[in-house]
Amino acid sequence: MTGRAGTGGHEALALPGMPEDPPPAKAPPAPKRPKHNERLPAPSRSVAKVAVDVSLPHLDRTFDYRVPVQLDESAVVGARVRVRFAGRTVDGFVLERADTSDHDGRLGWLDKVVSPEPVLSPELAALCRTVADRYAGTLADVLRLAVPPRHARVEQETPPGRPDQPAPDEAAPDEAAPPAEPAPDDEAVPDEAVPDEAVPDEAAPAGGTRDDDPGWSVYPRGPAFLDALARRQGAHAVWQALPGEDWARRLAEAARAAIGAGHGAVIVVPDRRDLDRLHAACVDVLGEHEVAALAADLGPAERYRRWLAVARGHKRLAIGTRAAAFAPVHDPGLLAIWDDGDDSHAEPRAPYPHARDVLLDRAHATGAALLVAGTTRTAEAEVLVRTRWAHPVVAERATVRARAPRVTAIGEDDRQLLRDPTARAARVPGVAFEAARQALAAHRPVLVQVPRRGYLPAVACARCREPARCRHCHGPLGIPAGTEDTPSPPTCRWCGRPDPTYRCPACASPRLRATVVGSGRTSEELGRAFPQTVVRTSGGGAPILDDVPAAPALVVATPGAEPVAEGGYGAALLLDGAALLARPELRAAEETVRRWFAAAALVRPAPDGGRVVVVAESGVPAVQALVRWDPAAHAGAELDARTELGLPPAVRMAALDGDPDALHGLLDVLHLPDTGEGEPDAEVLGPVELPPGTRLPGGDERTERAERCLVRVPRRAGRALAAALAAAVATRSARRDTDPVRVVLDPADPL
DNA sequence: ATTCGGACGGCC
DNA sequence: GCCGTCCGAATT
């Protein structure tokens with residue numbers, strides 16, 4: 001009220017001299033704002049539905065703003081804008097223009113169009129929404145992963161309508177690109193998928209061979225897959241590349257099939273090294289002007305420049321590391337991922353999407369073909385095959401036998417039986433020395449794959465093999481780098497305390513042995529055994545080599561850093577397999593197989609003398625898979641084992657990490673999906689303690705006690721689980737229960 | 001009667 | 001998350 005006595009408040013409204021339509025109560029006829037400050041709404045479609053850059057789970061929806069006439073032209077769908085939100089100015093994207101709003105209250109004005117560049121197409125927005133939902137995350141978080149930061153100068157370099165290369169059909173296919181069917185919620189991707197007529201079982205009508213891509217003809221379904229690409233039939237394939245395969249070229253050829261038919265293509269690889277190789281192949285097959293290589297380490301300007309070229313339709317093939325799964329390729333006909341078992345395909349930022357699953361969702365939404373490729377097959381890819389959502393593209397056994405090296409397994413027992421003096425003295429058994437000797441004699445390089453980096457990183461009891469653990473914090477003991485003459489005492493890798501008087505708690509032996517031996521010592525050992533031979537080291541601290549010449553050399557490499565050898569390696573030695581397989585992780589076997597095959601695939605075929613020696617018991621399935629070169633069978637066995645144990649991907653899981661109170665708070669408001677069909681749809685496992693020092697997102701300080709709960713549901717309930725978790729997280733966030741709980745769906749390693 | 005502050009709801 | 005509002009308790 002004003003200075004007047006309050007008793008007559010209501011009558012005051014009736015007093016003469018008031019404005020016709022006064023704002024309620026407070027009515028001093030204050031000096032009017034001048035007219036030029038007023039904003040008028042755009043004549044039509046004056047409502048903009050905006051995705052605001054606010055990652056609060058309970059605010060994960062669009063908000064409507066009034067478009068002023070001045071911004072009518074520039075506030076296009078997909079444009080970056082600035083709006084007032086909760087009293088602050090925030091960034092956002094226009095998702096839609098509409099005539100009306102569902103919002104009852106007054107709409108705020110769209111403050112500013114940062115740029116009229118339509119960076120967030122409806123297709124990309126829909127994909128991000130789907131990914132957010134699948135991972136129980138927010139759209140804002142996914143948009144930050146999918147759309148790189150703007151670089152204004154780059155945007156100005158080339159006007160949007162003027163591609164530097166003639167871009168045929170620039171306008172038409174863009175508009176013709178919209179998603180096929182909006183996926184009904186319950187029959188989405190392979191959880192519940194129905195088989196489709198993706199790749200015909202017979203070879204294509206044209207015959208078994210495409211003269212332009214003879215490389216794919218080695219695989220019985222290969223040519224049919226390329227034909228399906230050319231016809232945009234939405235083929236889904238799981239491809240196991242043969243040893244020695246020029247996979248990069250095959251992928252480039254697949255992209256050419258899609259692009260030749262007027263569509264786009266996306267290919268995702270694990271790292272920069274693979275990207276460089278793929279880029280060279282794509283330029284070779286398709287020419288420079290079609291290819292955009294997207295990598296996170298380019299720097300903001302170059303990153304945005306290339307991304308923009310894709311978004312504007314100037315480049316139809318986007319290749320890159322995991323974020324490229326979102327690359328705004330128009331009308332994609334092919335979506336491919338190479339080596340989907342590599343853990344760098346998993347995004348480390350919330351909501352932790354995996355590139356393979358992003359592409360899967362995208363294939364579903366757009367009707368594009370999906371190609372999940374690798375030398376080996378993951379259990380996840382096996383699910384696609386087994387549900388008949390995807391067809392396997394694999395070579396016949398005879399072809400495999402002709403291309404694969406000969407594999408010999410040497411177990412610990414074998415070593416002792418052989419009474420091999422070298423074997424007892426060193427980690428490298430005599431059979432391996434012999435294979436290496438032969439290869440070097442044939443003037444071929446020898447690949448020596450050593451796990452992890454460093455020098456004796458982990459140790460165990462020499463008598464009973466019990467892993468040596470810190471007496472203080474139970475972290476793993478390791479031996480820091482030192483010299484052979486003056487060895488350092490074992491030291492905890494978590495807390496850093498040395499323990500010079502270690503005794504095994506199980507058997508009291510003071511003696512220790514290495515369980516994982518780094519490349520340094522192996523290099524020394526082999527160097528001594530072949531004194532006249534050059535030793536090259538790749539990875540594990542040393543620079544990574546891309547390739548090595550066809551000349552005698554010992555090439556010591558860590559997994560993922562194996563150089564390609566010109567003409568192939570004469571032999572490969574895979575050391576310390578037992579230690580790899582013995583790890584407790586869910587993916588220990590799968591990962592070991594993946595590393596072994598990656599190295600062995602670089603070796604010459606058996607008929608040309610190529611040999612692989614793997615130090616591991618020959619009876620274990622992983623070794624069998626390598627000996628028989630049957631990665632698909634191993635994936636099948638792996639999936640069977642996980643089905644038996646109720647582990648992903650046979651089931652869907654969510655990991656919930658947080659301090660005990662926060663976890664309880666979340667579980668209290670979590671309504672787990674339950675269809676009431678007898679068996680329980682969801683199980684909560686745990687909580688278990690997480691290792692000390694586990695960082696939680698948003699946790700300012702190190703949480704004292706971090707625990708993990710696992711929620712397990714049948715695959716068909718995966719979406720419902722994500723929805724339930726998203727709702728629970730939203731409830732908590734609306735209540736300002738802000739203690740961090742990290743929700744990870746399909747965690748790489750739930751154990 | 002007036003001021004201050006913490007809780008809570010809404011955010012277009 | 002942050003702002004604004006509302007209400008109760010402390011303060012004048």
Side-chain angles (χ1 to χ4, degrees), chain A residues 1-7 9 23-26 38-72 74-114 120 125 128-129 132 136-145 349-351 658-659 661-662 665-666 668-669 696-701 703 725-743:
Chain A
M1 289 289 139
T2 58
R4 265 177 288 195
T7 44
K26 223 173 240 182
E38 278 183 15
R39 290 184 274 198
L40 292 171
S44 73
R45 305 249 151 205
S46 74
V47 175
K49 296 187 176 294
V50 176
V52 289
D53 185 20
V54 173
S55 58
L56 295 174
H58 63 291
L59 294 179
D60 189 13
R61 56 201 158 90
T62 60
F63 289 86
D64 293 348
Y65 288 85
R66 188 71 66 193
V67 180
V69 66
Q70 297 91 330
L71 301 181
D72 188 20
S74 56
V76 296
V77 169
R80 290 180 211 259
V81 294
R82 307 268 295 165
V83 291
R84 289 294 281 182
F85 187 83
R88 297 154 48 88
T89 302
V90 298
D91 294 314
F93 296 97
V94 176
L95 292 192
E96 233 178 289
R97 289 284 298 268
D99 288 316
T100 58
S101 169
D102 294 334
H103 183 60
D104 294 332
R106 282 252 295 271
L107 299 190
W109 291 100
L110 194 68
D111 281 336
K112 188 181 175 198
V113 174
V114 176
L120 186 64
C128 292
R129 181 71 264 168
T138 62
L139 178 64
D141 282 346
V142 179
L143 289 175
R144 279 193 284 262
L145 303 174
R349 287 180 290 165
D659 77 56
D661 291 342
L666 183 64
D668 282 347
V669 295
L696 293 168
D700 305 321
E701 312 115 44
T703 318
L725 285 166
V729 166
T731 302
R732 253 172 56 83
S733 123
R735 289 185 191 169
R736 271 169 279 261
D737 284 344
T738 185
D739 287 343
V741 174
R742 175 172 44 205
V743 175

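Each chain gets a letter, A, B and so on, in the order the sequences are listed, and its residues count up from 1. Predicted model only: the values in this text are computed from it and were never measured.
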In this structure, how many angstroms lie between the [atom2] atom of [N] and the [atom1] atom of [X], rounded?
X	N	atom1	atom2	result
A:R88	B:dC11	CZ	C1'	12 Å
A:D104	B:dG10	CG	P	13 Å
A:D91	B:dC11	CG	P	21 Å
A:Y65	B:dC11	OH	P	10 Å
A:W109	B:dC12	CH2	C1'	13 Å
A:R84	C:dG1	CZ	C1'	14 Å
A:D64	B:dG10	CG	P	18 Å
A:R732	C:dG1	CZ	P	11 Å

Of all heavy-atom pairs between [X] and [Y], which one has the smallest distance, and what is that distance?
X	Y	result
A:R84	A:D111	CG-OD2, 3.1 Å
A:V741	A:R732	CG2-NH2, 3.8 Å
A:L95	A:A125	CD2-CB, 3.9 Å
A:D60	A:T138	OD2-CA, 3.2 Å
A:A726	A:A136	N-CB, 3.9 Å
A:R129	A:G137	NH2-O, 4.2 Å

Presence of donor-acceptor pair under 3.5 Å, side chain of A:R736 and base of B:dG9: yes

Applying a 4.0 Å non-hydrogen cut-off, can you work out what A:G108 is touching in the nucleic acid: base, sugar-phosphate, or nothing? sugar-phosphate

Have a look at A:L59 and say if it touches a base, only the backbone sugar-phosphate, or nothing, with a 4.0 Å heavy-atom cut-off. base

Side chains of A:V83 and A:V90: closer than 4.5 Å at any heavy-atom pair? yes

Under 4.0 Å, heavy atom to any atom of DNA chain B: which of residues 44-58 of chain A qualify? A:H58

